[in-house]
Amino acid sequence: MRRELAPWLCGRTVASAERVDAPPGPKYAGLDRLRGRRIEAVRRRGKFLLLPLSGAVAEELIVHLGMTGVLSANPPAGHLRVRLRLDGPEPSTLYFRDVRRFGRFTVVPAGDYRSLPTLAALGPDALAPEFTPEGFAGSLGRSGMAIKPLLLSQRAVAGVGNIYADEALWRSRLHPERSASRLTKRQVTALHAAIVAVLEESVALQGTTLHDYRTLGGRSGSFLERLAVYGRAGESCPRCGGTVVRLVVGQRGTHVCPRCQPAPQRRSRPPG
DNA sequence: CGCATTTCCTGGTAGC
DNA sequence: TGCTACCAGGAAATGC
């Protein structure tokens, strides 16, 4: 999404920014400060888009798609939240549709992420060179926290959501409930490599369209057909032929192959 | 502080 | 057919 947006938005000036059917509150705040400002860059950190703005006061537009957010160059059928008109030789408009309103479209002082605690505490981006096996190992904490909730927290690595957490754990043969701090160095290295590989492959295929996600031009991503376990409960594991099962870990739907990803040792089990 | 739990939100769908 | 109940999960808010 960032790669599509950058050449289109960089250097352009906002002619108007309208909130459309978006409730008051921090998720769609500061849009009145966009008019007349130039978009200097389109950056990404994890799942957040950061668009620094021209002007005496250093501010940036933060966009997060949430679950159902879609940016498009053409007006959506419904659930439009923001309409951003851009100046230029060919004036154009960026639309933000967000059915469930989990997304975000906010102007904040540059680098001031007090209203975005996850962004403030974001780990290194999964596809940036700063994300290394060594650094990853050092960010896994000392508690018994399970590895999957830690991945979803964005604290150890930025950019891994529910789908890619399940896929990366499957690739590295790790059960999502294993204690993050008790992974071996070899396991951490495998998981690191799996995260990078899964995300690179998905980006190459324009992402995973479950229902809503579309590219700027309205195309679906095709990584869905490459998923090994996510959403495939009852189907065969492509690696061992075992049956994929769905469980709940940290209140989130989670998919594993029990044969490839053995559950961590429970403290005790009734005999017999 | 750190982790766990609850909340927000709406379309789709299962079940009757 | 039409109604109700429930599920999906990003990150923030709240609880302990």
Side-chain angles (χ1 to χ4, degrees), chain A residues 1-2 19-30 44-50 61-71 76-82 96-106 108 112-123 125-126 138-169 176-182 195 199 202 207-214 220-221 223-224 227 229-234 244-256 264:
Chain A
M1 180 59 74
R2 192 206 70 79
R19 237 160 71 160
V20 185
D21 189 25
K27 289 190 171 182
Y28 296 92
R44 181 188 63 79
R45 289 182 55 194
K47 296 178 246 180
F48 293 86
L49 288 170
L50 297 81
L61 170 64
I62 308 289
V63 179
H64 195 299
L65 301 181
M67 290 290 300
T68 53
V70 176
L71 291 168
H79 304 98
L80 177 65
R81 306 297 174 208
V82 179
F96 185 51
R97 172 188 213 215
D98 183 19
V99 173
R100 278 149 72 178
R101 305 168 196 255
F102 279 14
R104 224 172 155 123
F105 204 103
T106 317
V108 299
D112 180 355
Y113 303 139
R114 280 174 296 184
S115 65
L116 300 128
T118 301
L119 179 56
L122 205 65
D125 188 89
S139 67
L140 298 181
R142 281 173 293 280
S143 72
M145 189 177 184
I147 182 63
K148 177 165 174 181
L150 181 68
L151 291 178
L152 295 184
S153 78
Q154 310 297 306
R155 235 176 331 122
V157 55
V160 178
N162 202 42
I163 294 173
Y164 301 123
D166 282 4
E167 293 298 308
L169 288 165
E177 289 177 304
R178 294 185 77 118
S179 162
S181 62
R182 288 198 274 277
I195 288 168
L199 287 175
S202 186
T208 305
T209 297
L210 281 183
H211 305 285
D212 305 275
Y213 175 73
R214 294 292 185 281
S220 295
F223 195 70
L224 182 69
L227 297 179
V229 288
Y230 183 88
R232 297 201 185 281
V244 174
V245 301
R246 181 185 183 278
L247 48 148
V248 174
V249 178
Q251 331 298 123
R252 290 293 170 251
T254 299
H255 309 77
V256 301

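To find a chain, count down the sequence lines: A is the first, B the second, and so on, and within it residues start at 1.
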Is there any protein nitrogen or oxygen under 3.5 Å from a nitrogen or oxygen in nucleotides 13-16 of chain C, and what are the pairs?
none

Short N/O separations, protein against nucleotides 1-3 of chain B, under 3.5 angstrom:
| from | atom 1 | to | atom 2 | distance (Å) |
| --- | --- | --- | --- | --- |
| B/dC3 | OP1 | A/Ser143 | OG | 3.2 |
| B/dC3 | OP2 | A/Arg155 | NH1 | 3.3 |

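Under the side chain to side chain donor-acceptor pair (under 3.5 Å) rule, A/Asn162 has a single partner from A/Glu167, A/His255, A/Lys148, which is A/Lys148.
For A/Thr118 and C/dA12, the shortest distance from a side-chain N or O to OP1 or OP2 is below 4.0 Å. Between B/dT10 and A/His79, no contact under 4.0 Å exists linking OP1 or OP2 to a side-chain N or O.
Distance A/His64 NE2 to C/dA11 C1': 7 Å, rounded to the nearest Å. The CG-P distance, from A/Leu65 to C/dA8, rounds to 22 Å in whole Å. Between A/Lys27 atom NZ and C/dA11 atom P the separation is 11 Å, expressed in whole Å. In this structure, the CD atom of A/Gln251 is 18 Å from the P atom of C/dA12, given to the nearest Å. Atom CG in A/Asn162 sits about 10 Å away from atom P in C/dA8, given to the nearest Å. Taking atom CG of residue A/Leu152 and atom P of nucleotide B/dT5, one finds them 14 Å apart after rounding to whole Å. Protein atom NZ of A/Lys148 is 14 Å distant from nucleotide atom P of B/dA4, rounded to whole Å. If you take OH of A/Tyr28 and C1' of C/dG10, they are 12 Å apart, rounded to a whole angstrom.
If you check the side chains of A/Tyr164 and A/Ser202, you find a donor sitting under 3.5 Å from an acceptor.
Here C/dA11 is the nucleotide among C/dA11, B/dT10, C/dG10 with the atom lying nearest to any side-chain atom of A/Phe48. The side chain of A/Arg104 has C/dA12 as its nearest neighbour among C/dA8, C/dA12, B/dG11. Listed candidates were B/dT6, B/dG11, C/dG10. Nearest to the side chain of A/Arg252 is C/dG10.
In this structure, the side chain of A/Arg97 engages the main chain of A/Gly78 through a donor-acceptor pair within 3.5 Å. A donor-acceptor pair under 3.5 Å is absent between the side-chain atoms of A/Ser181 and the main chain of A/Ser179, judged by distance alone. Checked by atom type and distance alone, the side chain of A/Asp98 pairs as donor or acceptor with a backbone atom of A/Gly103 at under 3.5 Å. No donor-acceptor pair closer than 3.5 Å links the side chain of A/Glu177 to the backbone N or O of A/Val249. A/Arg232 places a side-chain N or O within 3.5 Å of a backbone atom of A/Leu227 that can act as its donor or acceptor partner. Between the A/Arg114 side chain and the A/Leu116 main chain, no donor and acceptor come within less than 3.5 Å of each other. Distance alone, capped at 3.5 Å, places no donor-acceptor pair between the A/Thr254 side chain and the A/Val248 backbone.
Among the protein residues, A/Gln154 comes within range of the sugar-phosphate backbone only, with heavy atoms under 4.0 Å from sugar or phosphate atoms but none that close to a base. Within the 4.0 angstrom heavy-atom criterion, only backbone atoms of the sugar-phosphate kind lie near A/Arg101; the bases stay farther away. Across all strands, A/Leu119 comes closer than 4.0 Å to no nucleic acid atom at all (heavy-atom distances).
The shortest heavy-atom contact between A/Val160 and A/Ala165 is CG1-N, 3.5 Å.
Rounded to 10 degrees, the angle between the two end axes of the helix from B/dG2-C/dC16 to B/dC16-C/dG2 is 50°, with five pairs used at each end.
For A/Tyr28 and A/Phe105, the distance between ring centers is not under 6.0 angstrom.
Relative orientation of the A/Phe48 and A/His64 rings is perpendicular, given thresholds of 30° and 60° on the angle between their planes.
For a distance-only test at 3.5 Å, the side chain of A/Arg100 qualifies as a donor-acceptor partner of the base of C/dA8.
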